[in-house]
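Heads up: the structure comes next, in structure tokens.
All residue numbers refer to positions in the sequence shown, counting from 1.
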Amino acid sequence: MTTNANHDGGRRSFCASTGLVIAALGASGPLSVLAQTQKTLTIAYNVDLPSWDPTVGPSAVNPTIQSLYKAVFAQFITQNADLSLKPDLLTEWGWNADKTQVSMTVRSGAKWHDGTPITAEDVAWSLRRAADPKTGNPIQFLWSKITNIKATGNKVTADVREYEPALFKWMAFLTGYILPKAYFEKVGADGFEKKPIGSGPYKVEEFVRGSHVRLSAFKEYFGPKPVFESVVIKFTTDPSSRVAEVESGRSDLTLEVPYEEADRLKAKGFGVSTAPISDIGMIFLTNVEPMTNDKVRKALAMAIDKKALASRLLKGHVRPLDTLEAPGYAAYDASIKAPFDPKKAAALMAEAGYTRDKPLKFKVQTTRGFKPKDFEVMQAVVGMWARIGVQAELEVYEVAKHYELRSQHKLAPAAFYNWGNAIGDPSTSTGFAMFSHSPHSAWKDPKVLDGMIAPLWGEKDEAKRIAGYKAVSRYIADEALVIPLFQYSQTVVYRKGLKFTPHGAGFVVPQAIGQ
């Protein structure tokens, strides 16, 4: 995955309507003028877009990028703001009585951005492609649980190779997008990257890697027509720059700004939304030295004053957490606690052979500006750890680098990350974050932890599955195999006159913004 948008060729762009390569816009170009207020919506976005295929590579499992994908590509199923499922390109879906088969009904009359009709074969092909390990879908092992996928008329059927309780939830989640079979096979992966075609409310007109993407409304979109005829999304990874974009009028809307900045802009008359979302701020622990020492892990967890972080740095806009299940998740258990106890933490470190005079040294990685105060939070954590005999070196990386390192199992012993779980299922939080065979895990425990999680993947008794994940969460907390910090609220700041409704998964999609 690209970790720095300004690589060779990064200052070139394509115009999707003509396929012509053009020079990137400079500081004096159209993007430097004030944002339009009637037909064009300009968004200062907090991450870059590394790839236009929403189903392959590390970027496909980046929750923050999904809002960009959702503007261009329709999914099998989508979600309401309360995270409940609703039809998208599928209008009906379900299991047979003994859950050995699935069936889906494909929406009639929907079209691709090139005007060709969407067929059931497009849906079947997208599912077969997702299940093929050669395509590079990071959730391939999940999609491969169905097989013998067939399209007949507007119906798609498949046999269940292995029961997956969250299969249809995943169709509204990461990599759950439908791509055009005929077009993709004609132009190939490289051609699709140069000129992507979807079936969402907007189509791509121009893309300047590391700078911006320009979208135009798709007149034949099957769903509600978006208010804005065109959308410009500026990739603005620095939070202070995002604030300046909105405050100066160069952008109409931005997100993930520091909470105190949101309060300041609200006092100046800007619209501000601050609402809880399904994201969890966490510290991954990697099973390398010194984290293989259980005394060290438990001491690190006990030394963090999450309530102080929440109230002082994050102005009370986050909820301290002790598990990877947040309130609203299916397996949330409020009785699981990881207490703040600095005295016991110091004692455990001493037992492990470390004190303030003889500190433990290791590297800690963090993003900076990806989430509000992420760097400052980790600075404070490092300070708390210093009190119990830890001298941690703080290293800043882009979130893209996190994905690259995590997929290679090369994260630092401790690494901050924001885990998004739009569907609230325990398999997509605790399961995928902690199961050693998952490409998204940092802690690898093939004996005890895998032994607890493995049977839950295909558990058909839902009550038993949820109880099993609660037991897993308790074990993880007791052993300090990961350090959950808090559930986030998302800040969205926008100019006067816009209408914005927060989404429980933190999606900021242009088609949902009005005026």
Side-chain angles (χ1 to χ4, degrees), residues 239 256 258-260 279-324 326 337-350 352 354-356 359-399 401-402 405-406 411-419 433 442-443 476-477 479-489:
E256 302 295 1
Y259 296 116
E260 63 268 23
D279 288 15
I280 292 176
M282 59 187 286
I283 301 174
F284 268 122
L285 301 181
T286 305
N287 60 318
V288 296
E289 290 292 343
M291 299 308 170
T292 49
N293 187 318
D294 61 343
K295 290 183 173 63
V296 169
R297 292 194 314 274
K298 292 174 183 179
L300 294 177
M302 288 180 184
I304 299 176
D305 188 347
K306 300 174 188 177
K307 290 183 179 179
L309 294 175
S311 62
R312 297 173 190 172
L313 274 177
L314 298 169
K315 308 300 180 184
H317 292 301
V318 299
R319 182 200 301 259
L321 286 178
D322 293 322
T323 76
L324 295 181
K337 299 294 183 182
F340 169 56
D341 191 339
K343 290 184 178 180
K344 187 173 181 180
L348 284 171
M349 287 297 291
Y354 303 103
T355 64
R356 297 182 68 170
L360 170 65
K361 299 179 181 180
F362 60 87
K363 182 183 291 185
V364 180
Q365 292 164 325
T366 182
T367 51
R368 186 171 193 167
F370 177 58
K371 299 294 286 185
K373 298 290 186 179
D374 46 6
F375 177 72
E376 290 80 0
V377 164
M378 290 310 296
Q379 275 187 313
V381 167
V382 167
M384 294 172 184
W385 284 347
R387 298 170 193 163
I388 63 167
V390 174
Q391 185 177 321
E393 175 192 354
L394 198 57
E395 175 187 86
V396 175
Y397 59 4
E398 294 293 329
V399 69
K401 187 66 175 179
H402 171 92
L405 294 173
R406 194 174 75 195
L411 286 174
F416 173 84
Y417 178 65
N418 173 70
W419 188 278
W443 187 264
I476 290 170
E479 295 299 317
L481 304 182
V482 66
I483 304 178
L485 294 175
F486 26 66
Q487 178 187 13
Y488 275 107
S489 290

If we ignore hydrogens and angles and just use 3.5 Å, is the side chain of [X] paired with the main-chain N or O of [Y] as donor and acceptor?
X: Trp385; Y: Leu300; result: yes
X: Ser489; Y: His317; result: yes
X: Gln365; Y: Ala412; result: yes

Side-chain heavy atoms of [X] within contact of [Y], under 4.5 Å:
X: Phe486; Y: Leu314; result: yes
X: Val390; Y: Phe362; result: yes
X: Arg368; Y: Glu398; result: no
X: Lys361; Y: Glu393; result: no
X: Lys306; Y: Asp322; result: yes
X: Val381; Y: Leu309; result: yes
X: Arg297; Y: Trp443; result: yes

With Lys307 as the cation and Phe340 as the aromatic partner, state whether NZ or CZ is under 6.0 Å from the six-membered ring centre and within 45° of the axis. no
Report yes or no: is the cationic atom of Arg406 (NZ for Lys, CZ for Arg) closer than 6.0 Å to the six-membered ring centre of Phe284, at no more than 45° off its axis? no
Specify the closest pair of heavy atoms between [X] and [Y], including all atoms of both residues, with the distance to one decimal.
X: Ala392; Y: Val364; answer: CB-CG2, 3.7 Å
X: Pro258; Y: Pro239; answer: CD-CB, 4.1 Å
X: Arg312; Y: Lys315; answer: O-NZ, 3.7 Å
X: Ala433; Y: Leu324; answer: CB-CD1, 3.8 Å
X: Ala415; Y: Tyr397; answer: CB-OH, 3.6 Å

Ion pair check, Glu260 and Lys373, cut-off under 4.0 Å: yes
Is Glu256 salt-bridged to Lys371, going by a charged N under 4.0 Å from an acidic O? yes
Please assess Ile304 against Ile283 for the test side chain to side chain contact (heavy atoms under 4.5 Å, CB included), listing each intermediate value before the final yes or no. CA-CA 11 Å; Ile304 299 176; Ile283 301 174; 4.1 Å; yes
So which of Phe370, Tyr417, Phe416 actually passes ring-ring contact (aromatic ring centres under 6.0 Å, His included) with His402? Tyr417
In Å and rounded to the nearest 0.5 Å, what is the OG1 to CG distance from Thr355 to Leu360? 11.0 Å
